[in-house]
Amino acid sequence: LWGLAPLASSLAPQRAFARRPGLTLGIVSRITPIKQFPAMFTILAAVLARFAQVNLEIFGSGGYASVRDFKRALAPIGGQARLWGQQNEVAAIYPQLDYVLSGLPEKEALGLNLIEAQCCNTPVLAVRAPPFTESVIDGVTGYLFEDPRQDQGRSFGELLARLVAGQPRTQPKLAVEHLAKFSPDAFRARVATALDAVAAASTGGNVAPGRRTEAMRILFLHPKAWTGEHAMLAELSRLGHEVCALEERRGGGKRELAGWHRDPGDRIRTLWYDPSRGALRLLTWLFDRVFRRAFEGRNLAHRMLVIAEAA
């Protein structure tokens with residue numbers, strides 16, 4: 001059934017998004033376990049149900065179990081929430097939303113969708129905890145609320161009440177210095193600093209900043225979606241390092257999931273592994289099974305065999 005999902009999606013009639021009257025909150029994200037949307041909305045759905053004029057628009061796709069559990073958590077708000085599936089032009093979505101909502105914080109790396117929203121001048125709502133306390137300025141680029149698991153959504157409900165009553169929307173683009181921290185130039189500087197630290201550690205601290213003498217071999221263990229990571233990998237490649245991405249291929253698939261994967265000049269090599277892998281599947285089945293249950297590591301043993309062969 002999982003394999004039929006893309007076909008069913010392509011054959012389904014396309015719906016055009018149109019805002020509804022009221023306050024529009026949006027989620028623009030993959031629906032994955034790290035976002036913890038079911039746990040979050042098991043609490044917040046009851047809060048949203050008190051505000052009939054608040055709509056929740058969800059843009060993103062995910063695995064069967066993740067979407068199923070998310071829908072169950074949203075059941076108390078019924079038609080207030082709509083799921084729109086995977087989107088290819090997310091930049092066109094952000095300006096149509098009043099606020100972009102985060103997931104729960106502890107498994108997030110930074111909150112790329114919140115940064116994207118702020119760059120599109122759409123304010124955000126996020127839990128008051130790292131990493132969102134770094135990527136959001138409370139009252140300037142959006143609003144922070146307490147973790148709903150700690151107060152059963154009271155802080156979020158109070159914030160919604162203020163927004164519904166007409167509290168002015170913030171203008172994130174006015175926070176020029178804040179957004180500059182996440183610009184391409186700032187990103188390149190952070191990558192350079194990280195490479196200096198790696199080079200210094202490998203040579204006993206004898207490498208001056210910016211004077212890396214040896215190219216590194218860098219392998220990215222591809223988790224099926226690398227929109228944010230591609231910029232980092234391309235920069236590392238531009239700096240002269242050998243970069244490879246480990247990627248799954250089913251039936252001859254290629255690294256062409258979106259426009260940024262098609263750049264023939266990015267010099268990022270791809271190591272392919274096939275999850276159906278014939279006899280090797282029997283050899284690595286037990287190991288893969290254990291690690292999938294314990295660490296969410298899908299096909300880990302076979303990936304390691306591919307890496308060993310390439311090395």
Side-chain angles (χ1 to χ4, degrees), residues 2 5 9 15 17 20 22-51 54-88 90 93-94 96-118 122-136 142-157 159-160 163 223-228 295-296 298:
W2 180 87
S9 177
R15 297 179 298 160
F17 172 72
R20 294 177 289 181
L23 183 72
T24 300
L25 307 183
I27 290 175
V28 184
S29 170
R30 285 275 296 165
I31 302 172
T32 63
I34 66 169
K35 302 293 182 179
Q36 303 182 84
F37 290 131
M40 184 174 181
F41 282 92
T42 294
I43 301 169
L44 293 189
V47 178
L48 285 165
R50 303 202 306 262
F51 298 89
V54 175
N55 304 303
L56 180 63
E57 308 290 357
I58 302 161
F59 300 90
S61 61
Y64 170 78
S66 294
V67 174
R68 176 201 63 202
D69 295 345
F70 194 9
K71 287 181 175 180
R72 287 175 179 171
L74 293 171
I77 58 176
Q80 281 179 259
R82 297 188 294 185
L83 282 79
W84 295 90
Q86 181 174 322
Q87 305 296 312
N88 295 323
V90 294
I93 297 170
Y94 291 120
Q96 302 184 66
L97 307 173
D98 291 319
Y99 295 90
V100 170
L101 185 61
S102 76
L104 293 175
E106 62 268 16
K107 297 183 180 181
E108 280 277 9
L110 186 60
L112 180 61
N113 54 340
L114 301 187
I115 295 171
E116 290 175 344
Q118 292 170 85
T122 300
V124 301
L125 307 179
V127 175
R128 190 187 307 278
F132 305 135
T133 48
E134 176 185 355
S135 53
V136 181
Y143 298 105
L144 300 177
F145 56 92
E146 302 304 322
D147 191 323
R149 295 168 295 185
Q150 297 175 0
D151 68 354
Q152 291 302 300
R154 179 178 58 82
S155 173
F156 181 72
L159 174 58
L160 275 188
L163 298 180
K224 293 195 69 177
W226 52 309
T227 57
F295 304 107
E296 298 180 3
R298 189 162 57 93

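Not measured: the values here are computed from a predicted model.
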If every non-hydrogen atom of Gly153 is compared with every non-hydrogen atom of Ile43, which pair is closest and at what distance?
N-CG2, 3.8 Å
Nearest 0.5 angstrom please: Leu104 CG to Arg149 CZ, how far?
4.5 Å
Test side chain to side chain contact (heavy atoms under 4.5 Å, CB included) applied to Leu97 and Phe59, step by step:
CA-CA 11 Å; Leu97 307 173; Phe59 300 90; 4.1 Å; yes
Kindly indicate whether the side chain of Phe156, heavy atoms from C-beta on, has any atom under 4.5 Å from the side chain of Asp151.
no
So, do Phe51 and Leu25 sit near enough that their side-chain heavy atoms are less than 4.5 Å apart?
no
What is the distance from atom CD of Gln36 to atom CD of Glu106, rounded to the nearest 0.5 Å?
4.0 Å
Within this structure, what is the CD-OG distance for the pair Gln118 and Ser135, rounded to the nearest 0.5 Å?
6.5 Å
When rounded to the nearest 0.5 Å, the distance separating CD1 of Ile93 from CD1 of Ile27 is 12.5 Å
On a heavy-atom basis, the closest approach of Arg128 and Thr133 is C-CG2, 4.0 Å
Closest non-hydrogen atom pair, Pro123 against Gly142:
CB-CA, 4.1 Å
Residue set satisfying salt bridge (Lys or Arg N to Asp or Glu O under 4.0 Å) with Arg20, at least two apart, ordered chain then number -> Glu57
Should the ring pair Trp84 and Phe17 be called parallel, tilted or perpendicular, given that the plane angle runs from 0 to 90° and is split at 30 and 60?
perpendicular
Is Asp98 close to Leu163 at the side-chain level, that is, under 4.5 Å between some pair of heavy atoms?
no
On a heavy-atom basis, the closest approach of Leu101 and Phe41 is CD2-CZ, 3.6 Å
Quick one: are Leu23 and Tyr99 in side-chain contact, heavy atoms under 4.5 Å?
yes
In terms of heavy-atom contacts, Pro33 and Ser66 come closest through CD-OG, 3.7 Å
Heavy-atom pair of closest approach, residues Arg30 and Ser61:
NH1-OG, 3.1 Å
Once you round to the nearest 0.5 Å, how far does CG of Leu83 lie from CD1 of Ile58?
4.0 Å
Side-chain heavy-atom pair Leu48, Leu160 within 4.5 angstrom cut-off:
yes
